[in-house]
S.K.: 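If you scroll down you'll find the structure; I have some questions about it.
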Amino acid sequence: MNEAMKMTDFGADVFGAEAIKEYLPKDTARKLQGTIEKGEPLDASIAGEVAHAMKHWAMDRGATHYTHWFLPMTGSTAEKHDSFLEIKNGEPIMAFSGKNLIVGEPDASSFPSGGIRSTFEARGYTAWDPTSPAFIKRHGNGATLCIPTAFCAYTGEALDKKTPLLRSMQALEKSVKRLMKLFDLPDAHAGCTLGAEQEYFLVAKKYWEKRPDLVMTGRTLFGAASAKGQQLEDHYFGTIPVNVLDFMNDVERALWKLGIPAKTRHNEVAPAQFELAPQFEELNLASDHNMIVMDTLKSVAEKHNLKCLLHEKPYAGVNGSGKHNNWSVSYGGRNLLDPGSNPQENAIFLTVLCAVIEAVDKHADLLRAAVAGAGNDHRLGANEAPPAVISIYLGDQLAQVVDMIEKGVTGETKEAGVLKVGVDTLPPLPRDATDRNRTSPFAFTGNKFEFRAPGSSVCCSGPMTVLNTIVAESVERIAEELEKSGTAGKAKKGEHTVAFHAALQEILQKSLAAHKRVVFNGNGYEALWLEEAKRRGLPNFPDTPGALAALTKKENAALFEKYGVMTKRELKSRHEIFLEEYDKKIHIEGACARDIAAGMIAPAVKAEYLETAKAYEAANAVGVSSGIAALRESLVELGAGLDALKTGVQKLDEALALSDNAAILAAMQALRTTADSLERKVADSRWPLPKYREMLFLY
Ligand code: ADP
Ligand code: MG
């Protein structure tokens with residue numbers, strides 16, 4: 001039974017502003033809030049007091065254990081629990097020190113490190129991230145205090161997904177501050193925001209259990225299309241099935257308690273596919289929250305006899321799942337991608353917009369690399385939106401504005417129809433919900449960019465780290481040019497000089513001329529676009545190994561190093577980890593496909609063959625001629641199928657032995673084609689795997 005969700009539950013299990021006020025002395029509370037809100041360095045002397053308060057707060061909520069919660073390179077979250085219990089002078093006490101809060105020393109030897117962690121030094125360190133609040137994780141009969149942390153080697157090199165994200169945010173803040181100063185704005189905090197829309201599939205647990213492919217790989221490696229798929233377009237935004245709504249309610253209640261603002265829920269395009277979207281938050285927090293959202297979806301599904309599939313492509317022939325990363329930059333609380341309502345706000349908006357266009361064009365390869373993975377290869381570059389070519393959708397209105405800036409002339413006179421940055425007021429840009437281009441990988445949607453290429457299973461921090469870093473670079477470059485122009489810093493009462501406007505105009509004009517090729521407002525599905533993209537010189541990497549090569553380029557290593565986001569070694573280690581992960585996943589898929597084909601499908605086909613042969617013999621024995629032809633034909637078909645399965649399994653075995661990914665994928669596909677056609681020739685009662693029509697419609 002559902003108890004009602006209550007407003008007062010929101011954030012009840014988070015050591016946030018309210019808990020801080022209640023459990024900490026005023027002075028300490030103020031210092032801690034300064035770190036959380038303004039990113040001020042943490043005053044180490046308050047750690048003891050904060051730990052003490054946190055322990056009491058957590059124990060009041062039933063917690064007996066604490067854990068440093070971190071994001072290793074596996075792509076999921078990690079936790080090692082310790083109890084508060086300590087025996088002192090023979091007496092049990094509950095203890096939690098400042099040191100316990102600030103650092104942990106989990107054994108790092110079993111986490112991927114890509115060569116960073118040397119074998120003789122297995123220790124890793126977790127370091128408290130005070131900008132993401134501690135929370136309580138509830139589980140059946142207990143509760144654990146979770147402390148979000150960064151995870152690094154004893155050398156200080158990052159072994160996780162959070163550390164580079166935090167560094168990239170710092171880099172972007174530095175660049176944005178430098179630019180805002182030139183617009184004569186007072187010093188303020190520059191931050192980024194993220195709203196991550198999470199797509200997922202639900203499948204009945206009873207079917208999932210009978211699908212080794214779903215259990216092992218997260219996607220179906222076999223399965224003929226069901227008669228009905230998504231062709232009637234009746235699922236998207238349709239009435240949410242009652243049991244799914246119950247599930248969603250339970251998910252949301254859990255998320256609300258953790259202060260995660262789950263806001264929107266709806267049916268997605270494919271049958272059995274759904275979406276959860278939270279309200280956007282500060283980037284690091286939103287990224288952590290998305291990890292908790294994924295965990296919560298999975299754990300709550302169990303209680304509803306469901307399984308939540310976060311794989312990018314659980315089913316062939318219907319849409320896959322993505323994770324739209326809605327991203328923006330703010331300064332002093334104002335969203336810089338909001339076009340604004342006066343010339344100065346407009347000018348800032350257009351400057352940041354141009355910086356993003358420049359960054360995306362210059363570093364499309366890095367953005368592509370950041371979303372690469374075995375699962376996402378079935379979306380990007382595989383006849384599904386978005387394509388693997390990174391381009392920007394601006395919408396007609398904004399594209400026109402950008403066009404006008406690019407064509408504009410510098411000088412003091414205003415020609416008809418030519419927009420001068422910072423002089424003219426932008427025409428109002430309607431946030432047109434009907435004119436959404438769903439095929440673009442990187443779309444401007446009114447007051448933010450929506451990066452749609454990330455797959456449903458990934459941690460947001462990877463793509464966001466790249467985006468922050470490349471925008472930090474372009475913002476800095478524009479700021480530098482503006483500084484060189486010698487026109488900045490001379491505004492009077494917020495009014496900039498004509499020379500400043502002219503300089504800005506020229507900088508943006510040049511940037512757009514060089515980078516507008518990345519802007520594409522058409523249909524990204526069309527094959528014509530791929531040709532056009534090629535003509536424009538935009539990179540296209542349809543698969544993971546090709547995409548990841550961007551991480552090995554010297555200039556990219558230099559970029560990350562320059563902005564203090566990753567050292568050369570850290571980047572190299574990531575390249576190794578991602579490639580290895582890809583190899584392993586493909587190998588697991590191949591081995592799993594072979595096992596299913598040889599151990600489940602072939603025996604079912606043999607049984608069908610035997611039964612058909614018996615019927616054929618029986619018909620012959622009694623001398624009946626009707627049915628003989630059909631039985632004979634079936635026998636030939638089933639026999640041919642068996643032969644094809646046999647050679648298919650052999651081919652796959654060979655490819656697996658060679659560890660040749662492309663060959664493994666091709667052999668798996670060939671085997672699948674054989675098996676899927678046999679699925680229609682074998683008695684339904686005999687087929688060993690739950691079918692698409694069951695998994696996609698009966699949940
Ligand atoms: P959609 O039609 O794509 O669902 P929404 O307007 O509902 O568009 O927004 C999708 C996501 O974008 C939500 O998570 C929302 O909170 C987030 N979002 C809105 N404004 C911003 C912003 N300034 N920065 C980051 N994310 C934002
Ligand atoms: Mg969206």
Side-chain angles (χ1 to χ4, degrees), residues 10 165 168-169 172-173 176 188-200 236-238 240 248 251-252 255-256 258-269 273-294 296-297 319 321-341 345 348-349 352-353 355-356 360 385-386 392-395 398 429-454 456 458 460-461 463-468 471 524:
F10 190 82
L165 179 72
S168 75
M169 288 165 59
L172 183 57
E173 164 150 41
V176 170
H189 171 58
C192 355
T193 45
L194 169 69
E197 302 167 52
Q198 179 69 51
E199 293 180 345
Y200 61 92
Y236 188 62
F237 280 12
I240 302 173
M248 289 173 166
V251 167
E252 284 163 24
L255 295 181
W256 283 17
L258 293 172
I260 300 173
K263 174 97 182 136
T264 308
R265 58 192 189 196
H266 61 80
N267 289 1
E268 256 302 327
V269 170
Q273 192 187 26
F274 306 91
E275 179 182 305
L276 181 155
Q279 188 172 309
F280 72 93
E281 298 174 286
E282 184 276 330
L283 174 54
N284 173 44
L285 182 62
S287 169
D288 280 356
H289 277 174
N290 178 256
M291 297 306 287
I292 301 176
V293 165
M294 291 196 286
T296 307
L297 285 168
N319 271 25
S321 300
K323 172 154 21 207
H324 296 176
N325 280 212
N326 294 271
W327 168 94
S328 192
V329 194
S330 67
Y331 187 73
R334 200 183 98 72
N335 178 3
L336 297 184
L337 284 173
D338 192 321
S341 53
E345 288 177 356
I348 292 173
F349 161 70
V352 175
L353 183 82
V356 175
V360 172
I392 298 183
Y393 170 83
L394 291 179
L398 194 54
L429 299 170
R431 255 174 246 171
D432 188 353
T434 58
D435 183 37
R436 288 288 182 78
N437 183 324
R438 294 276 164 198
T439 66
S440 175
F442 201 91
F444 181 75
T445 48
N447 59 357
K448 62 190 186 287
F449 274 102
E450 187 169 336
F451 190 21
R452 302 206 182 102
S456 48
V458 302
C460 299
S461 70
M464 292 295 98
T465 297
V466 167
L467 187 55
N468 289 343
V471 174

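We're numbering straight along the sequence, starting at 1. Computed from a predicted model, the values in this text were never measured in an experiment. Note that ligands are numbered from 1 as they come in the structure, with each ligand's atoms numbered from 1 the same way.
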S.K.: Looking only at heavy atoms of K263, does any of them come nearer than 4.0 Å to an atom of ligand 1?
M.R.: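 Under 4.0 Å: no for K263.
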S.K.: Polar contacts were defined as any N/O atom of the residue lying under 3.5 Å from an N/O atom of the ligand; does this apply to F280 and ligand 1?
M.R.: yes
S.K.: Looking only at non-hydrogen atoms, which of K448, R452, H324 approaches atom 9 (O) of ligand 1 most closely?
M.R.: K448
S.K.: N284 side chain to E282 main-chain N or O, any donor-acceptor pair under 3.5 Å?
M.R.: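 Pair absent, no side-chain N/O of N284 close to backbone of E282.
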S.K.: Please could you name the atoms of ligand 1 that Q279 approaches to less than 4.0 Å, counting only its heavy atoms?
M.R.: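 Result: 16 (O).
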S.K.: Side chains of V356 and V329: does their closest heavy-atom pair fall under 4.5 Å?
M.R.: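 No, too far: nothing below the 4.5 Å cut-off.
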S.K.: If you measure from atom 10 (C) of ligand 1 to every heavy atom of E197, E281, E275, which option wins on shortest distance?
M.R.: E197
S.K.: Under a 3.5 Å distance rule, please check whether Y200 uses its side chain to pair with a backbone N or O of S456 as donor and acceptor.
M.R.: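 It does not hold such a pair.
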S.K.: Are any non-hydrogen side-chain atoms of L255 and L276 less than 4.5 angstrom apart?
M.R.: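 Sidechains of L276 and L255: in contact.
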S.K.: Below 4.5 Å, heavy atoms only, C-beta onward: do N325 and L467 meet side chain to side chain?
M.R.: no
S.K.: Just say parallel, tilted or perpendicular for the rings of F10 and W256, cut-offs at 30° and 60°.
M.R.: perpendicular
S.K.: Would you check the N or O atoms of N335, main chain and side chain alike, for any that come under 3.5 Å of an N or O of ligand 1?
M.R.: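 So ligand 1 has an N or O lying under 3.5 Å from an N or O of N335.
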S.K.: Any idea which heavy atoms bring G259 and H289 closest together, and the distance?
M.R.: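 Minimum heavy-atom contact is O-CE1, 3.6 Å.
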S.K.: What atoms in ligand 1 come closer than 4.0 Å to a heavy atom of E450?
M.R.: 3 (O)
S.K.: As an exercise, identify every atom of ligand 1 less than 4.0 angstrom from a heavy atom of P278.
M.R.: 13 (C), 14 (O), 16 (O)
S.K.: From atom 11 (C) of ligand 1, work out which of L337, L336, N326, N447 has a heavy atom at the shortest distance.
M.R.: N326
S.K.: Going by the order shown, which atoms of ligand 1 are within less than 4.0 Å of some heavy atom of T193?
M.R.: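 Those qualifying, in numeric order: 22 (C), 23 (N), 24 (N), 25 (C).
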